[in-house]
Amino acid sequence: MAQEMSLSSPAVGVRIPLAERMAAETGREASLNRRPRFAERAIGLFLFACGALSILTTVGFTIVLGSEALRFFATMEWLNANKQTTAAVTAADSRLTVGTGGSTIQVGDMLRLGIGDSAEQVRVVEVAEAETLVVERGVDGTQAIDHTVNTPMFVGVQVTLDKFLTDTKWAPQIGRFGIMELVIPTLVITIIAMVVSIPLGLGAAVYIAEYATPRVRGILKPILEILAGIPTVVYGYFALTFITPLLQAIFGLNVKVYNMASAGIVVGILIIPTISSIGEDALRAVPRALREASYGLGATKLETVYKVLLPAALSGIVAAVILGFSRAVGETMIVLIASGAGPNLTVNPFDSAETMAGHIARISTGDLSFGSIDYNSVFAVGLTLFIMTLLLNFASTLVTRRFREVYQ
Amino acid sequence: MSEQAAPRILAEQVSEQTFLERLNARNRRGKIGQIFFFSANVIALLALIVLLGHVTNQSIGLVILRNTVDPASLSDRPLEELSAEELAAILVEQMGGRARVLIRDELSQVPVNQFTTAPMSVALNGRSYPSEYADATINDVPPEGWAAILVANFGAADLRDMLIDNVVKPTVDASWPLIQSLTQRSEIETIAREKYPDDILEFHSWINLDFITSSVSSSATTAGLRTALLGSFWIISITAVTALIVGVSAAIYLEEYSSGSRIEQLIEINIRNLAAIPSVIYGMLGLAVFVRTLGAFTSGAVLGVTDSNGRTVMSAGLTLALLILPLLIVNAQEAIRAVPSSIREASYGLGATKWQTVARQVLPAALPGILTGVILSLSRAVGETAPLLVVGASTFIGIDPNGPFSKFTVVPIQIFQWTADPKPEFKNVAAAAIIALLIVMILMNGTAIILRNRLSRRT
């Protein structure tokens, strides 16, 4: 009412719509309807698009890794047979004469003659003599064409999931696709890293959360943050040029120059901050009352920590450990530098071996040509790694949700 | 029956002495526990100190140098005092016909097999060369012309490096880390006298001004970080612009516009998940999307650039932007959330629209926090190696990147390559590069802290 009075009304007590009064005062048509603000809408949409980009990234991961890996499993990989035709072949011929060297050809094998789009695929029907093959020409939608002498040949290999998971050798160039040769060393290095980082990370977390005075905490936390901020390539250098010689000095010469132990130890140092900072948050979330109750019953600080606080903060601590595990699995540069440059199925920590992430980085260094065996197989490794870390993250979220003790 | 009726004994009856013994034991265990928890921190601190100390130790020390050609025999004045023209003349005189190979490797714009047949206007298209040689092939250009071409393209410092690389060819026969150099100096001098009588033993700091300003080289003493530093600079610029716009916008949306619907919750969860994906996988995404699918765009082909293949500064910058986005969004969200809602309500009360409120009130108030988050994420991007290896950093380039469509290498990748080099002295070069990288990161983080303190005091 007071507000209306202040706008000079023509007659006291007569209510005239605000819009009309504004129109009378300003001499312009006025509306109190919400004006359409296109710029506002556009900005809102742009902001939403930026937010949704994160979804797009995830979709991108799924599509890229999924489709490339699908191609790896669904289509044939062509391995160089290291053989050539030893005589020219016309489109109608069903006999091929080939050199004796290179791969052994068996009945039922798929062969590709020539390179590029004009390549022809044939199926071997009979191996007449060592150098003569009876083949079915132009299979799989390719055209039977003439081939000159010395046409290069490729042998087709179908990668099955079964082979992928059970074969013990990873050597795409010769048709061996056993991912276990990369998974086992990944696990060995990760376990070494966890052995280092769980006691140190949790110990640091307990000290900072429970024992340290605010001043000491103010010193310790930045140190752990610096440790977390050092680039992994620097850790790799440290592993190769400091930890490895140290291990060799302690354990003697059965420690290889490139070995899983030094990589694992340094990955462990790298993830101490991950575990300590999440663990500390979990410990701090435990209500004061629980601590005080424990002290009130006469427990010492240590007894309070491991009988009250650690069980109460268990979900957060398990989540911290799982996240640390997931970081260790995906760690690339340290293992690439310190642990070796070739797949090796071993559990001996002093041997060299290659992890999934390290393998991806090594194979992709330089020019990786699209569609090659290396390119396709690397994406299959990437998908495996992606699924592993995704499952671990999922497990960590689940643990936090499921087993969280809610205090109120 | 009577047993059940008896009161439960809650604590066993013990003598006071036993009680005290047990109490002391418990306290002792408590002390041991405290020492263990404290030592976890000490070990972490020790790891940090040893790491930094080891790198420093490797970056300074005694080296034994051998020159293929004594630099004193090249000129009667020290090389540092010679002008570009004099250096080019010595270079051509000493190298003879191989000077053409040098020109090809450093400057050629055409494939190796076409260089000798292409006229200079094609072969050195975009480079400087004396105009009278425009139609001549390299074989038609006289030796003084080679020198003129070199002078037209390079300054005295670069030419001196080329002279040292190609003519003086210093090789490091042995090197020692700092501590050994100081404590075992006399032994090292003995070794130097006995095994390398003609060589020079000198105290060499691997990190120095020349190291920062010269480009890559196959010789450890002249190898430099300039190309990699410029590469890092270009890539981080692209990452910064992209990630800043997209990340801050996303954070504004999630904090100010979101109504908490399902899709928005999904975005939040998704961002947290993205943060935990290994960086090497981001590299694969970058390879498949930016290098391959969007190759026409990232190679600059749509803008008429013809000499690249998608493995460019642009692809690398965008890949790193994707990588740091989750971190940046979460940081920016926290900064925006910290702005008191009274500011927003006052703004709405004055009739401001949503965007006016966000742009004129919320963002300025949240700016210190946002900037700090941005710089911290960028400092993470500076140290990233794995995704850039996958996207396709060049392994050995001597040409500085000069735009978004250049080939690139970055400091961490250079460190990786020097670490992996079989020649032991390159480990020292890697240590020097690590120190340079850490200094850059300290500067960035320091800026973030100062910025946060200064801006938050003002608001």
Side-chain angles (χ1 to χ4, degrees), chain A residues 37 40 43-44 46-48 50-55 57-58 60-61 64-65 68 199-200 203-204 206-207 211 220 223-224 226-227 229 231-234 236-238 240-242 269 272 300-303 305 323 326 330 332-333 337 357 360-361 364-367 370 379 382 385-386 389 393, chain B residues 26-27 29-30 33-34 36-38 40-41 43-45 47-48 50-51 54 58 246 249-250 252-254 257 266-267 270-271 273-274 276-281 283-285 287-289 292 322 325-326 353-355 379 383 385-386 389-390 392 395 412 415-416 419-420 427 430 434 437 441:
Chain A
R37 295 180 184 275
E40 287 273 324
I43 289 169
F46 172 74
L47 297 177
F48 175 74
C50 288
L53 186 75
S54 75
I55 301 265
T57 313
T58 311
F61 276 125
V64 164
L65 293 173
E68 300 287 348
L200 291 178
V206 169
Y207 190 83
Y211 289 86
L220 292 179
I223 288 172
L224 289 171
I226 294 174
L227 213 51
T232 51
V233 67
V234 177
Y237 177 86
F238 181 62
L240 181 68
T241 62
F242 187 83
I269 296 174
I272 289 174
T300 64
K301 202 151 198 170
L302 180 69
E303 286 159 355
V305 165
L323 272 186
S326 140
T332 312
M333 288 318 290
I337 293 174
I360 294 171
S364 316
T365 304
D367 279 355
F370 300 120
F379 272 88
L385 179 61
F386 182 66
T389 49
N393 294 334
Chain B
R26 284 168 63 208
N27 282 335
R29 276 200 294 276
Q34 179 171 6
F36 168 76
F37 296 137
F38 183 66
N41 284 287
I43 292 173
L45 175 63
L48 183 64
V50 170
L51 192 156
H54 173 69
Q58 292 287 326
V246 178
S249 303
I252 293 172
Y253 181 81
L254 291 173
Y257 284 72
L266 187 71
I267 293 177
N270 189 40
I271 286 172
N273 268 334
L274 281 180
I277 292 174
S279 61
V280 70
I281 307 254
M284 304 186 80
L285 183 69
L287 177 66
V289 174
R292 194 180 181 192
L322 275 189
L325 263 180
T353 63
K354 187 144 212 164
W355 175 244
S379 121
T385 325
L389 275 181
V390 179
T395 39
I415 294 172
F416 166 60
T419 306
K427 302 272 189 296
I434 287 174
L437 177 64
M441 295 182 74

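A note on names: the letters A, B, ... follow the listed sequences, proteins ahead of strands, and every chain is numbered from 1.
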Practice task
Can you label the angle between the A/Y211 ring and the B/F37 ring as parallel, tilted or perpendicular, going by 30° and 60°?
Solution key: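 Tilted.
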Exercise for the section: Could you label the plane-to-plane angle of the A/F48 and B/Y253 rings as parallel, tilted or perpendicular, counting under 30° as parallel and over 60° as perpendicular? Expected result: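 Rings of A/F48 and B/Y253: perpendicular, as their planes differ by over 60°.
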In terms of heavy-atom pairs under 4.5 Å, which option from [options] contacts chain A the most?
options: B/Q58, B/R292, B/K354; answer: B/R292
options: B/I281, B/T419, B/L325; answer: B/I281
options: B/A47, B/G33, B/S379, B/P278; answer: B/P278

Practice task
Find the distance between OH (B/Y257) and CG (A/L47) and round it off to the nearest 0.5 Å.
Solution key: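 Answer for the OH-CG pair, B/Y257 versus A/L47, is 5.5 Å.
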Examine whether an atom of [X] lies under 4.5 Å from a heavy atom of chain B, and if so say whether it belongs to the side chain, the backbone or both; otherwise answer neither.
X: A/L240; answer: side chain
X: A/I43; answer: side chain
X: A/F46; answer: side chain
X: A/T389; answer: side chain

Give, as side chain, backbone, both or neither, the part of [X] having an atom under 4.5 angstrom from any heavy atom of chain A.
X: B/I43; value: side chain
X: B/A420; value: neither
X: B/M441; value: side chain
X: B/L274; value: side chain
X: B/L48; value: both
X: B/F36; value: side chain
X: B/L51; value: both

Practice task
Using a 4.5 Å cut-off on heavy atoms from C-beta on, say whether the side chain of A/T57 contacts that of B/L285.
Solution key: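 They are in contact (side-chain heavy atoms under 4.5 Å apart), so the answer is yes.
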Exercise for the section: Taking the side chain as every heavy atom from C-beta outward, state whether B/P412 and A/M333 have any pair of such atoms under 4.5 Å apart. Expected result: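 Sidechains of A/M333 and B/P412: no contact.
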Practice task
Specify the closest pair of heavy atoms between A/T241 and B/K427, including all atoms of both residues, with the distance to one decimal.
Solution key: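 Reported closest heavy-atom pair: CG2-CD, 3.6 Å.
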Exercise for the section: Pick whichever of A/I269, A/I360, A/I272 has the most heavy-atom pairs under 4.5 Å with chain B. Expected result: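 Most heavy-atom pairs under 4.5 Å with chain B: A/I360.
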